[in-house]
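Shown next, in structure tokens, is the structure this report addresses.
The first residue of the sequence shown is numbered 1, and numbering continues consecutively from there.
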Amino acid sequence: PFELDEHGCLKNFDPTADYFSPEHRAMLTSTGSVPATVTFATDFSIEYFHTFKVLRNLKTSKVYVLHQCGAGDAPPAASLPADAAGAPVFTVPVQSWSTGSTVAIAFMEDLGLMNKAALIDHSYASSSCLLKLAAPECDVVTTMAGDYSGETGAWATAVRASSSTLHFTDSWGTGKSHSAVDVMFDTTSDPSALARAEWIKFASAFFNLEPHANRLFAEIKAKFEQTKAHLAAAAVVGSVVAPKVLWVSAATTGQWGGPASISTSSFKLDYVKAAGGVTPSAADLALHCTADSATSAMTATDIASGYTKGYTCTDAEMKAVLAGIDVVIDETYHVDNTYTHDMFVTKLNFSSAETAAVYPFLNNKVLRWDRLMVQSAIAFGGAWYEDAIVRADIVVDDLASYLHPTQAPSGYVPRFFRNIAAGETVTLATAAGCDDPYATCPGETAPPSPPMELNSCVFSSCVVAKPDPFELDEHGCLKNFDPTA
């Protein structure tokens, strides 16, 4: 209903118009009413006004005001909610972004915004499209290694000197710029697997892409729940039996060392359950190991079931709790891509006397989430801390392919997990793996931008936008004409 220029700014501002009507808002569900204020996942909310929106990180109480470009002056303090007075104001849609963490990269890539990146700390980033865009022969995205030198350090100075008007950090201040453009993007602190993925709506709000994010999240959620429902149905008819699964880490030494541990963070319990596995009860785990008192990033349901974030164990306690476990997900830290099953056995002090009859996972299923890694000039990084966060559906499909291989699609190749008990090795990401047609280098032509997605609404009741089903060429002409369409 209103005309935008090439930057997404209003051409003709009407002070009586609602520029963030339900058609433009983030939605809580794929179908339903779209109120002006909605809380998403557990830890963020968006409140819509006619020319601006208020984005809240509920975990940290940080508030951000997002003002539509071309809609006059920024809103005066008197028109803002009380908690937004004095909050940083971002003109949206943002034209250029940056980050010193891997967490935001996959969200930006899924939203089609990699070419808008001004500066990224690439030290641990596994995105093939980032590798492509940052390569010297492309040089579309500037990358540099972050540092820990604070406000006067090279990294923070470079971010502030860049064209970025939005810098993703987190409540720990990872790679922050020490400026007003810092935004706490705390997706990894939200408890459940799907809540972490839903932060794509938070990121999208800075680019006025909420309807697009609604559709992307709806697709991820539908695939996640489809796998979960399929395996639950297979269990009912006896086609599969739920294996017992634990996420473990071996004891480590040195400055950051600690005892062996079991992780029961809610998002991991979600993955196991959706993939057709079962986690031992909190009571069973507490029989052998010591429960962590922390319940942050845990769902109310898991807390009610007695779980905390995890358990610490002595060597003997770890062996006792692992007896009868079918699948172990080994999270022991390792610096590069050389971790093997023999290392796992050694680190957990298993010997040849301990058999698979007692420890079924030993010769069968020891998984790690390091299947896709990257080797930069600085260090090895992995996709687990990048696109695994937003693509909860792929994580569950991966895990299900190991827990119930007969139920997996023929030829399925996992993205995040590998079975070190079967000798599976790490794959290193390369620029050749970039399949985003909009991640273009000089001399390459991107396809025409898809039309703006909007929620389909009748008054305040809406359904998620659907992608255009027709494939068009660079001139907007149909590639494959169907006379019945």
Side-chain angles (χ1 to χ4, degrees), residues 39 41-44 57-61 103 170-172 174 184 186-199 224 228 242-253 256-333 347-348 359 361 366-369 384-385 388-389 392 395-396 399 403 417:
T39 298
T42 302
D43 289 343
F44 76 93
N57 181 324
L58 303 176
K59 175 183 171 66
T60 63
S61 298
V103 172
D170 53 36
S171 55
W172 295 279
T174 303
M184 292 183 182
D186 285 317
T187 173
T188 57
S189 298
D190 228 307
S192 74
L194 287 174
R196 289 155 55 100
E198 195 169 18
W199 277 73
F224 182 101
K228 181 178 180 179
K244 295 180 180 178
V245 183
L246 279 180
W247 305 68
V248 307
S249 294
T252 54
T253 58
W256 308 109
S261 61
I262 297 166
S263 177
T264 48
S265 295
S266 285
F267 75 95
K268 295 175 183 176
L269 301 185
D270 287 349
Y271 289 148
V272 170
K273 184 176 181 178
V278 62
T279 300
S281 70
D284 287 344
L285 296 174
L287 284 175
H288 304 290
C289 298
T290 303
D292 189 327
S293 60
T295 56
S296 58
M298 298 295 293
T299 65
T301 299
D302 290 335
I303 292 173
S305 297
Y307 289 107
T308 65
K309 287 182 65 175
Y311 301 78
T312 57
C313 316
T314 65
D315 180 69
E317 289 169 344
M318 179 62 84
K319 288 184 178 179
V321 80
L322 287 177
I325 297 299
D326 300 296
V327 180
V328 161
I329 302 172
D330 176 30
E331 300 190 278
T332 304
Y333 172 74
K347 287 179 181 293
L348 268 75
Y359 303 102
F361 61 87
V366 180
L367 309 182
R368 284 180 68 83
W369 38 248
W384 184 253
Y385 296 109
I389 301 168
V395 174
V396 167
L399 195 53
L403 271 54
F417 289 97

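Pairing each heavy atom of Phe417 with each of Ile329, the nearest pair is CE2-CG2, 4.0 Å. Of all heavy-atom pairs spanning Ala242 and Val278, the tightest one is O-CG1, 4.0 Å. The shortest non-hydrogen separation linking Asp186 to Asp170 is OD1-CB, 3.3 Å. Taking all atoms of both residues into account, the shortest heavy-atom contact from Glu198 to Phe44 is O-CZ, 3.6 Å. Across every non-hydrogen atom of Ala275 and Leu403, the tightest pair is O-CD2, 3.7 Å. When all heavy atoms of Trp199 and Met184 are compared, the closest pair comes out as CZ3-O, 4.3 Å.
For the atom pair CD1 (Ile389) and OG1 (Thr187), the distance works out to 6.0 Å, reported to the nearest 0.5 Å. Rounded to the nearest 0.5 angstrom, Thr301 OG1 and Leu269 CG are separated by 11.0 Å. Note that CD of Glu317 is 12.0 Å distant from CG of Leu285, once rounded to the nearest 0.5 Å. Asp330 contributes atom CG, which lies 9.5 Å from atom CG of Leu367 (distance to the nearest 0.5 angstrom). Atoms CZ and OG, on Phe267 and Ser189 in that order, are 10.5 Å from each other to the nearest 0.5 Å. Ser263 OG to Lys309 NZ: the interatomic distance, rounded to the nearest 0.5 Å, is 8.0 Å.
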What do the steps show when you test Val327 against Leu399 for side-chain contact (heavy atoms from CB on, under 4.5 Å), and what is the final call? CA-CA 10 Å; Val327 180; Leu399 195 53; 5.6 Å; no

When you look at Met318 and Leu348, which way does the side-chain contact (heavy atoms from CB on, under 4.5 Å) test go after all the steps? CA-CA 8 Å; Met318 179 62 84; Leu348 268 75; 4.2 Å; yes

Decide side-chain contact (heavy atoms from CB on, under 4.5 Å) for Leu58 and Thr42; before the verdict, give the C-alpha distance in whole Å, the side-chain angles of both, and the deciding distance to 0.1 Å. CA-CA 8 Å; Leu58 303 176; Thr42 302; over 6 Å; no

Report the C-alpha distance between Thr308 and Asp292 in whole Å, list the side-chain angles of each, state the deciding distance to 0.1 Å, and finish with yes or no for side-chain hydrogen bond (donor to acceptor under 3.5 Å, both in side chains). CA-CA 6 Å; Thr308 65; Asp292 189 327; 5.5 Å; no

After noting the C-alpha distance and the side-chain angles of Val395 and Trp384, does the key distance pass the side-chain contact (heavy atoms from CB on, under 4.5 Å) rule? CA-CA 9 Å; Val395 174; Trp384 184 253; 4.0 Å; yes

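Listed for the Ser261 side chain is no donor-acceptor partner under 3.5 Å among the backbone atoms of Thr312. Using a distance-only test at 3.5 Å, with no hydrogens or angles considered, a donor-acceptor pair links the side chain of Ser281 to the main chain of Asp284. The backbone N or O of Lys244 lies less than 3.5 Å from a partner atom in the side chain of Asp326, making a donor-acceptor pair. Between the side chain of Ser266 and the main chain of Ser192, no donor-acceptor pair closer than 3.5 Å is present. Formation of a donor-acceptor pair under 3.5 Å by the Asp190 side chain with backbone atoms of Ala41 is not found in this model. Side chain of Tyr333 to backbone of Ser249: no donor-acceptor contact under 3.5 angstrom is found. Remark: side-chain polar atoms of Thr332 are paired, donor with acceptor, to backbone N or O of Ala250 under 3.5 angstrom.
Counting only heavy atoms from C-beta outward, the side chains of Tyr385 and Thr188 never approach each other to under 4.5 Å.
Under the disulfide bond (SG atoms under 2.5 Å apart) criterion, the residue pairs touching residues 290-322 are Cys289-Cys313, with sequence neighbours excluded.
Under the 30°/60° scheme for interplanar angles, the aromatic rings of Tyr271 and Phe224 are found to be tilted.
For Asp302, the salt bridge (charged side-chain N to carboxylate O under 4.0 Å, His left out) criterion is met by no residue, not counting sequence neighbours.
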